[in-house]
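No hydrogens, no waters, no symmetry mates; every other heavy atom, side chains included, goes into these values. Proteins come first, then strands; the chains are lettered A, B, ... in the order of their sequence lines, and each starts at number 1. As the structure is a computational prediction, the values presented were derived from the model and not from experiment.
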Protein chains: 2
Amino acid sequence: MVDAGAKCPKQRFMDFLAGKHLRLTSQRRTIIDTAFGTRRHFTAEQLLAWAHRRDKSVSRATVYRTLPLLTESGLVREMDFGKDYKFYDPNYAEHPHHNHIICQDCDKIVEFESEQLKQLENQISQRLGFSVQAHRLQITAHCEEFKQRGSCKKKGE
Amino acid sequence: MVDAGAKCPKQRFMDFLAGKHLRLTSQRRTIIDTAFGTRRHFTAEQLLAWAHRRDKSVSRATVYRTLPLLTESGLVREMDFGKDYKFYDPNYAEHPHHNHIICQDCDKIVEFESEQLKQLENQISQRLGFSVQAHRLQITAHCEEFKQRGSCKKKGE
DNA sequence: ATCCATGCAAAGACTTTGCATAGTA
DNA sequence: TACTATGCAAAGTCTTTGCATGGAT
């Protein structure tokens with residue numbers, strides 16, 4: 001079993017828990033369902049709000065205690081977009097190598113993958129004496145709409 | 001005047017202050033000297049410690065109030081290396097497009113630039129309808145020493 | 001039955017801010 | 001002189017943690 005895509009993220013995380021002899025509680029189940037039930041990036045506070053809506057027994061402490069497990073499993077990645085709070089990206093479970101373009105004007109975020117980019121990064125790293133473990137590329141940019149109209153509809157959302 | 005390298009970072013920051021009609025106080029001068037007097041990344045607390053060593057009148061509040069000015073000027077960049085605190089990199093003043101490789105085992109950080117990488121990023125961004133404003137690439141990797149010996153001397157530094 | 005997980009509220013770590021005073025332009 | 005900057009300490013914000021209880025395996 002090498003194909004990471006063979007099981008759904010939720011199942012893979014449950015396997016991760018089992019592998020560490022950690023228990024699958026109803027709160028954790030709710031948090032997992034919530035985290036992998038969206039493609040959106042979320043903050044700790046948002047995850048709490050969403051999970052709490054599904055199950056009132058999910059507390060802030062448990063969310064904060066589960067988040068490190070999610071990132072440790074590699075299925076969710078902690079992201080810093082220069083805001084005051086951290087975002088968590090659940091899409092690494094299915095797209096382990098994706099990158100982000102952030103529109104500076106409307107904060108729209110587009111995810112993309114590039115085999116060519118990955119190879120170039122590997123090549124450069126090798127030349128420098130490193131073997132790549134993970135990439136993290138963020139491009140800050142102005143989007144088409146901004147270029148054409150000088151602003152974005154989404155601005156301020 | 002387009003050549004960003006024409007003036008030293010310190011002078012460029014003083015120009016930035018002047019342009020905003022902000023004052024050059026002795027505390028700010030010390031902070032600037034300190035920040036641009038190193039090539040090392042630093043945390044807010046380190047910057048405070050170093051600056052305070054040069055001038056006892058530099059307070060934590062002023063450091064925290066100056067840091068946003070440094071990043072706003074574009075001469076220093078806020079970096080998140082996944083630690084609990086943020087790092088500030090003063091090398092963007094002289095190398096606006098550099099990237100980072102972080103050794104996961106010893107935390108060694110190597111900075112590098114690549115015209116090819118930059119071009120590829122521009123190309124991809126354009127295809128997606130964005131015009132690039134800034135890049136931010138971090139590669140996490142294992143270093144040569146780790147590959148050869150299974151560990152790094154620097155580990156735990 | 002064992003031992004991990006949870007909620008709550010207190011404690012922490014890092015930043016920001018109000019206010020009276022000092023200092024630059 | 002006018003107005004920004006500073007230090008100090010209090011206040012915030014986001015996270016972590018101790019403890020007694022509950023619950024998964």
query = Between B:H98 and B:Y92, is the gap from one ring center to the other below 6.0 Å?
reply = yes
message = Does atom CZ (B:R40) have a neighbourhood of more than 12 heavy atoms from anything else shown, all under 6.0 Å?
response = no
ask   = Out of C:dC8, D:dT6, C:dT15, which nucleotide sits closest to the side chain of B:T62?
value = D:dT6
query = CZ of B:R29 versus C1' of C:dA25: gap in Å, rounded?
reply = 13 Å
task = Please check if the distance between the ring centroids of A:H95 and A:H97 is under 6.0 Å.
result = no
ask   = How close or far is atom P of D:dT16 from atom CG of A:L69, stated in whole angstroms?
value = 12 Å
query = Within this structure, what is the CD-to-P distance between B:Q46 and C:dC14, rounded to whole angstrom?
reply = 12 Å
message = Can you identify which nucleotide, out of C:dC8, C:dA5, D:dA5, has its nearest atom closest to the B:T25 side chain?
response = D:dA5
inquiry  = Taking the minimum atom-to-atom distance to the side chain of B:A61, which one of C:dC8, C:dT17, C:dT24 wins?
reply    = C:dT17
inquiry  = What is the separation between atom CD on A:Q27 and atom P on D:dT21, rounded to the nearest whole Å?
reply    = 18 Å
ask   = Checking all strands, does B:R65 fall into the base, sugar-phosphate, or nothing category for heavy-atom contacts under 4.0 angstrom?
value = base
query = Checking only heavy atoms, does the side chain of B:R23 share a donor-acceptor pair with the base of D:dT4 at less than 3.5 Å?
reply = yes
key: Parallel, tilted or perpendicular: ring planes of B:Y85 versus B:F87, cut at 30 and 60 degrees   = perpendicular
task = Could you check how far CD of A:E78 sits from P of D:dC14, rounded to whole Å?
result = 15 Å
inquiry  = Before we go on, tell me: are the rings of A:H100 and A:F112 under 6.0 Å apart, centre to centre?
reply    = no
remark   = The nucleotide from C:dA5, C:dC14, C:dC8 with an atom nearest the side chain of A:L22 is C:dA5
inquiry  = Distance check needed: D:dA5 P versus B:I31 CD1, whole Å only.
reply    = 12 Å
inquiry  = Tell me the interatomic distance from B:K86, atom NZ, to C:dT15, atom C1', rounded to whole angstroms.
reply    = 10 Å
query = Does B:V58 or A:Y64 map to a spot on DNA chain D nearer the 5' end, using the closest nucleotide for each?
reply = B:V58
key: B:L67 CG to D:dT6 P, straight-line distance once rounded to whole Å   = 13 Å
